[in-house]
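What follows is a set of notes on a single structure, which appears directly below.
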Number of protein chains: 2
Amino acid sequence: MKMRAFMSQAKPAQARKTRIQAQNEGLILDAALEVFSAYGYRGSTVDQIAAKCGLSKPNLLYYFRRKEDIYTAVLERTLTGWLEPLRALDPDGDPVAELTGYITAKMELSRDNPEASRLFANEILHGAPMIGKFLKGPLKDLVDAKAAIVRAWIAQGRLASVDPYHLIFAIWATTQHYADFEVQVRAILGDKSDPTVVGVKTLITLIMDGLRPR
Amino acid sequence: MKMRAFMSQAKPAQARKTRIQAQNEGLILDAALEVFSAYGYRGSTVDQIAAKCGLSKPNLLYYFRRKEDIYTAVLERTLTGWLEPLRALDPDGDPVAELTGYITAKMELSRDNPEASRLFANEILHGAPMIGKFLKGPLKDLVDAKAAIVRAWIAQGRLASVDPYHLIFAIWATTQHYADFEVQVRAILGDKSDPTVVGVKTLITLIMDGLRPR
DNA sequence: TCCGCTCTTGACCATTTGATCAAGAATTAT
DNA sequence: ATAATTCTTGATCAAATGGTCAAGAGCGGA
């Protein structure tokens, strides 16, 4: 699995997208997200994806010439929305409210897009062969910026003194846990109600006020 | 990938293990942990594992007849130690000290055995096809027991009121994050010093006292 | 030492799977 | 309508890969 530029444009020639093209590419990427997130890159087959979206394999490969191209396209499409909640963190807002909002938004994102979460988890778990540059570039830049905001809040005495980077890691880890480790959560809790409603409440209590009785 | 009994004994006949047998099985399982944790089940090949431990493929398959057998054997061997820290949670200890100790122990485990952590992460991420019964059985039982302890502490007013299950999830998620998402952590922090030393400190502050200034 | 059991391997097989291609069907533009 | 372009697919290929087998090498107990 090679690491090309960073994100490849699917069709260099012919920028204009025909109706059928747009529709089928959409179908393919939807199916690919399901399949890749469930079985991983190597565990997924082009046939599986083709079957899931009702296209023949050669037809699918007409739109994306290589399996890898499908994978990077899904990653790219999903990546876009993933950072929105963190981007929304407002330096002018109330620190506790901002972080509570961030946790809530991240939790909702995990609940509503578990496949996307698992897709990233799998990619990173295996060394981020495709999005390594994204992590060191755009992601790091955004996190640096938001960490600075948190650091400023701490300096103003509006938050307890913690390392902003590890705070962000903790929020990522805890919220994505409900998507990435869903089967484990359900195995322990039983498959009754949605775990994320108690989860987000617990998390906010934990991160804002901690366990030690006041 | 089928879900047999639960964990198969590699060699039903001939209980006695010869010297060479014990040594080679050890080599194989060590290599298999490295390979499976790096590439996942489907992403790993028997040849890779054989190469890593210096055995020929047929020779490796002499000890474990199927790829799946290697995988379950590695899982089984690793599973054993994984629950130790949680098991050690002592109902008679001081709640804050006990949980701080648990977090510390779990973080050390993740730091010292990142491959094991990633192996589990991958298995669960893909629906726990092999250890599903383990999750619903032994793991759930242990967590139930420890959750009851936490609940009792809360009832005694020695801890803030949070859902014990989600507290445990939060500890799992945050500590394992440093192993499972290591490349992301390093991409953002830079590959300088060990992230877990600041990580565990931040985590304990967070979970014990929270962000809100006192 | 010698016999039986364990261990090792080169050669080989069947299946899966990513990818190609030529030819035909459908769509679009003129 | 008709020509050009886009779309679709059955057939096929080559490589990768899990697994087998028979034959030989090595080891350990009597």
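These values consider heavy atoms only, across backbone and side chains, with no hydrogens, waters or symmetry-generated copies. Here the structure is a predicted model, which is why all the values come from computation and not from measurement.
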Is it true that a side-chain atom of E123(B) and a backbone atom of I131(B) form a donor plus acceptor pair closer than 3.5 Å? yes

Judged by atom type as modelled, is there a donor-acceptor pair below 3.5 Å linking the side chain of K146(A) to the main-chain atoms of L89(A)? yes

Taking atom NZ of K140(B) as the centre, report whether more than 12 heavy atoms of other residues, nucleotides or ligands fall under 6.0 Å from it. yes

Without decimals, in angstroms, what is the distance between [X] [atom1] and [N] [atom2]?
X      : N       : atom1 : atom2 : value
N24(B) : dT6(C)  : CG    : C1'   : 11 Å
F64(B) : dT8(C)  : CZ    : P     : 13 Å
L55(B) : dG10(C) : CG    : P     : 12 Å
N59(A) : dG24(C) : CG    : C1'   : 13 Å
Q23(B) : dC7(C)  : CD    : P     : 11 Å
Q21(B) : dC5(C)  : CD    : C1'   : 12 Å
I28(A) : dC7(D)  : CD1   : P     : 11 Å

To the nearest 0.5 Å, what is the distance between [atom1] on [X] and [atom2] on [Y]?
X       : Y       : atom1 : atom2 : answer
Y41(B)  : H126(B) : OH    : NE2   : 13.5 Å
I28(A)  : L33(A)  : CD1   : CG    : 14.0 Å
I103(A) : T174(A) : CD1   : OG1   : 6.5 Å
D163(A) : F169(A) : CG    : CZ    : 8.5 Å

Under 4.5 Å between any side-chain heavy atoms of N24(B) and I20(B), yes or no? yes

Would you mind reporting whether W82(B) and S117(B) have side-chain heavy atoms less than 4.5 Å apart? yes

Looking at R77(A) and D30(A), what are the two nearest heavy atoms and their distance? NH2-OD1, 2.9 Å

Could you go through residues 104-116 of chain B and list every donor-acceptor pair under 3.5 Å that involves a side-chain atom there, pairing it with any protein atom two or more places apart or in another chain?
from, atom 1, to, atom 2, distance (Å)
T104(B), OG1, T100(B), O, 2.8
S110(B), OG, K106(B), O, 3.4
S110(B), OG, T175(B), O, 3.4

Below 4.0 angstrom from OP1 or OP2 of dT8(C), is there any side-chain N or O of Y62(B)? no

Identify all pairs in which a protein N or O lies below 3.5 Å from an N or O of nucleotides 27-30 of chain C, and state each distance.
from, atom 1, to, atom 2, distance (Å)
dT28(C), OP1, R19(A), NH2, 3.0

What does the B/S/- profile of nucleotides 15-21 of chain D look like, 5' to 3', with a 4.0 Å heavy-atom cutoff to protein? --SBBBB

Salt bridge present between R151(B) and D144(B) (N-O < 4.0 angstrom): no

Would you list the protein and nucleotides 2-4 of chain D atom pairs, both N or O, that sit under 3.5 Å from each other?
none

For the helix from dT1(C)-dA30(D) to dT30(C)-dA1(D), what is the angle between the axes at its two ends, each from 5 pairs, rounded to 10°? 20°

Which residue pairs satisfy the salt bridge (Lys or Arg N to Asp or Glu O under 4.0 Å) criterion with at least one member in residues 173-197 of chain A, sequence neighbours excluded? R118(A)-E182(A), E182(A)-R186(A), R186(A)-D191(A)

